[in-house]
Number of protein chains: 2
Amino acid sequence: MNWSRNDGPRGYHHGNLKEALIRAALELIAKKGPGGFTFAEAARFAGVSPAAPYRHFRDRDELLADVARRGFEAFAAALERAWDGGRPAPFAAFERLGRAYLAFARSEPAYYSAMFETGLPVEMSPELQAAGDRAFAVIRTAAERLIADMPAGRRPPALMMALHIWSMSHGIASLFARGDAGRRALPMSPEELLEAGVLVYLQGLGVSAASDRDRGK
Amino acid sequence: MNWSRNDGPRGYHHGNLKEALIRAALELIAKKGPGGFTFAEAARFAGVSPAAPYRHFRDRDELLADVARRGFEAFAAALERAWDGGRPAPFAAFERLGRAYLAFARSEPAYYSAMFETGLPVEMSPELQAAGDRAFAVIRTAAERLIADMPAGRRPPALMMALHIWSMSHGIASLFARGDAGRRALPMSPEELLEAGVLVYLQGLGVSAASDRDRGK
DNA sequence: CAGTTCATGTGAAGGGTCCTTACATGACTC
DNA sequence: GAGTCATGTAAGGACCCTTCACATGAACTG
């Protein structure tokens with residue numbers, strides 16, 4: 001008689017409890033933060049007994065790690081879509097990348113929390129680490145592409161550049177673009193703030209929109 | 001070990017329970033994250049009954065807010081000390097400010113967590129908000145000082161500048177300078193990373209160390 | 001100094017949630 | 001149709017939060 005989460009009755013076996021638990025975790029994290037998520041409540045949410053989740057995840061952390069992994073994968077995909085190989089012009093694509101970063105943090109706060117605010121060791125699972133690396137690689141690749149045409153002598157280290165961009169993006173996302181409540185008021189949107197910050201930063205590196213125009217775009 | 005966190009025997013009254021509870025909260029937050037801190041455990045830690053804390057704080061959140069407030073106050077004080085009115089030269093002082101930011105995040109992880117990772121509404125108490133504002137004001141004042149000598153036409157908005165610096169600092173602190181475990185490896189220290197980032201950013205704004213030299217320093 | 005007041009701490013209890021171990025069920029195989 | 005194994009259940013122990021009536025002793029008062 002347990003009409004769990006959605007459609008149709010179910011028998012003794014749920015059918016797809018693992019997926020249901022992950023969706024439950026996402027809703028709970030979104031609602032009450034990454035700390036206020038409990039194994040038992042996810043089970044209740046999925047309409048099964050508190051012990052059922054243990055058949056699918058060793059413990060709470062393993063579930064969270066799986067959520068984080070999926071988050072990083074979706075994140076990497078979103079960033080890749082935005083960057084789109086740097087087409088039609090790297091500089092414009094880079095701005096899209098920044099907007100995509102904030103858009104993800106805002107539209108998927110649960111994933112974002114699981115990815116960055118759980119305090120899980122990254123080395124917890126190789127898959128988690130790999131997914132995180134892939135997301136970061138998008139930013140790094142974009143940075144490399146942006147500076148590719150600069151004279152070698154004035155070309156900044158791409159890794160450092162990617163770390164700076166990432167840090168500023170994450171900082172803005174954490175401080176200003178999260179949730180609906182609890183954060184400081186801004187004179188501009190987080191997107192505008194990030195775009196301006198990245199622009200200034202690139203200017204400081206000597207990378208400029210001129211490179212797009214040089215390319216005939 | 002003195003489990004009651006108080007030297008010498010105590011009678012029926014603790015004497016300074018409020019302080020003891022806050023110290024307990026700090027140790028517990030440092031050890032188990034901001035979520036894994038409970039009212040009852042703090043009481044046990046201080047050697048009193050589970051009901052005693054209610055004489056000093058309405059609930060767990062009020063205690064956390066008080067910890068966060070003290071954190072912001074210590075933070076503001078540390079930043080002010082580092083900035084030191086911009087003496088002897090604003091540019092050098094600004095670098096000290098960045099290092100002080102990371103030093104605080106690293107040496108006081110419990111405070112930093114309470115300040116930024118609890119999800120408490122900032123408006124929870126006017127004192128909390130005021131303390132947070134005072135910390136931010138240090139960065140903003142420093143930014144204003146840095147650009148004070150620029151020609152008015154090319155002078156960037158100080159508020160925006162402060163927000164960018166803060167975001168990058170917080171991003172680096174969150175991603176790389178926290179705790180002992182769980183973060184990504186870096187090719188350089190967080191301090192160096194932040195210093196380089198701020199330097200590039202200021203370069204992009206047209207602020208340069210030359211202004212220190214102009215001042216004869 | 002005796003008596004009173006009041007902040008502070010105790011103990012116990014209700015209600016809740018969580019986690020885990022031993023057991024139950026039924027889907028699948030042969 | 002019988003066995004096997006993944007999957008889910010039930011029940012119990014532990015902890016936490018909060019509130020109550022009550023205990024204690026420090027500070028004030030006259």
Side-chain angles (χ1 to χ4, degrees), chain A residues 1-29 31-67 114 118-120, chain B residues 2-29 31-67 114 118-120 124:
Chain A
M1 57 188 67
N2 241 331
W3 273 251
S4 66
R5 238 32 247 126
N6 40 17
D7 352 71
R10 57 170 268 261
Y12 190 91
H13 288 85
H14 181 285
N16 201 355
L17 183 53
K18 189 163 188 173
E19 292 302 316
L21 286 174
I22 289 196
R23 277 187 304 174
L26 283 174
E27 290 202 37
L28 291 175
I29 291 173
K31 196 185 308 173
K32 318 202 298 184
F37 149 75
T38 116
F39 228 44
E41 193 170 2
R44 203 180 319 137
F45 213 83
V48 297
S49 86
Y54 288 86
R55 299 296 175 191
H56 298 275
F57 301 97
R58 189 168 356 94
D59 54 18
R60 186 195 122 107
D61 280 357
E62 191 171 295
L63 196 166
L64 275 179
D66 202 46
V67 171
T118 51
L120 289 179
Chain B
N2 194 342
W3 291 109
S4 75
R5 326 226 22 79
N6 187 0
D7 322 283
R10 59 169 266 261
Y12 190 93
H13 288 86
H14 182 286
N16 203 354
L17 183 53
K18 190 163 188 173
E19 293 300 318
L21 286 173
I22 289 196
R23 276 186 304 175
L26 283 175
E27 290 203 36
L28 291 174
I29 291 174
K31 194 185 312 173
K32 316 202 297 184
F37 147 74
T38 110
F39 227 43
E41 193 169 2
R44 203 179 320 137
F45 212 84
V48 297
S49 85
Y54 288 86
R55 298 291 179 193
H56 297 276
F57 302 97
R58 191 169 351 96
D59 55 18
R60 188 194 121 107
D61 279 357
E62 191 171 295
L63 196 167
L64 274 179
D66 202 44
V67 171
T118 53
L120 288 179
M124 183 161 189

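Reminder, nothing fancy here: chain letters follow the sequence lines and each chain counts from 1.
- For the pair B/R58 CZ and D/dT19 P, the computed distance is 11 Å after rounding to whole Å.
- Whole-Å rounding puts the B/R60 CZ to D/dT18 P distance at 10 Å.
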Under the side-chain contact (heavy atoms from CB on, under 4.5 Å) rule, what do B/I22 and B/F57 come out as? Steps first, then yes or no, please. CA-CA 11 Å; B/I22 289 196; B/F57 302 97; 4.1 Å; yes
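- Proximity of A/H56 to the phosphate of D/dA6: no side-chain N or O atom is located under 4.0 Å from OP1 or OP2.
- Contact annotation for A/A40: backbone-only contact, meaning every heavy-atom pair under 4.0 Å involves sugar-phosphate atoms and none involves a base.
- Rounded to whole Å, the distance from CG on A/L21 to P on D/dT7 is 12 Å.
- Residue contacts shown for A/R44 are limited to sugar-phosphate atoms, with no base heavy atom under 4.0 Å away.
- Distance CD1/A/I29 to CG/A/L64: 5.0 Å, rounded to 0.5 Å.
- Here side chain to side chain donor-acceptor pair (under 3.5 Å) pairs that include residues 45-59 of chain A, with residues two or more places apart or in two chains, are A/R58-A/E62.
- Between the P atom of D/dT18 and the CG atom of B/L63 lies a distance of 12 Å, rounded to the nearest Å.
- A residue-by-residue look at B/S49 and A/P50 shows that B/S49 has its nearest nucleotide of DNA chain C further toward the 5' end.
- If you check every strand for non-hydrogen atoms under 4.0 Å, B/T38 touches sugar and phosphate atoms only.
- As rounded to whole Å, 14 Å separates atom C1' of C/dT8 from atom CZ of B/F57.
- Look at CZ on A/R55: it is 12 Å from P on C/dA22, rounded to the nearest Å.
- The interatomic distance linking A/K32 (NZ) with C/dC18 (C1') rounds to 12 Å, in whole Å.
- The CG atom of A/L26 sits 11.0 Å away from the CG atom of A/L21 when rounded to the nearest 0.5 Å.
- One finds the CZ atom of B/R23 at 12.5 Å from the CG atom of B/L28 (value rounded to the nearest 0.5 Å).
- In this structure, the nucleotide among C/dC19, D/dT9, C/dG9 sitting nearest to the side chain of A/Y54 is C/dC19.
- As rounded to whole Å, 15 Å separates atom C1' of D/dT18 from atom CD of B/E62.
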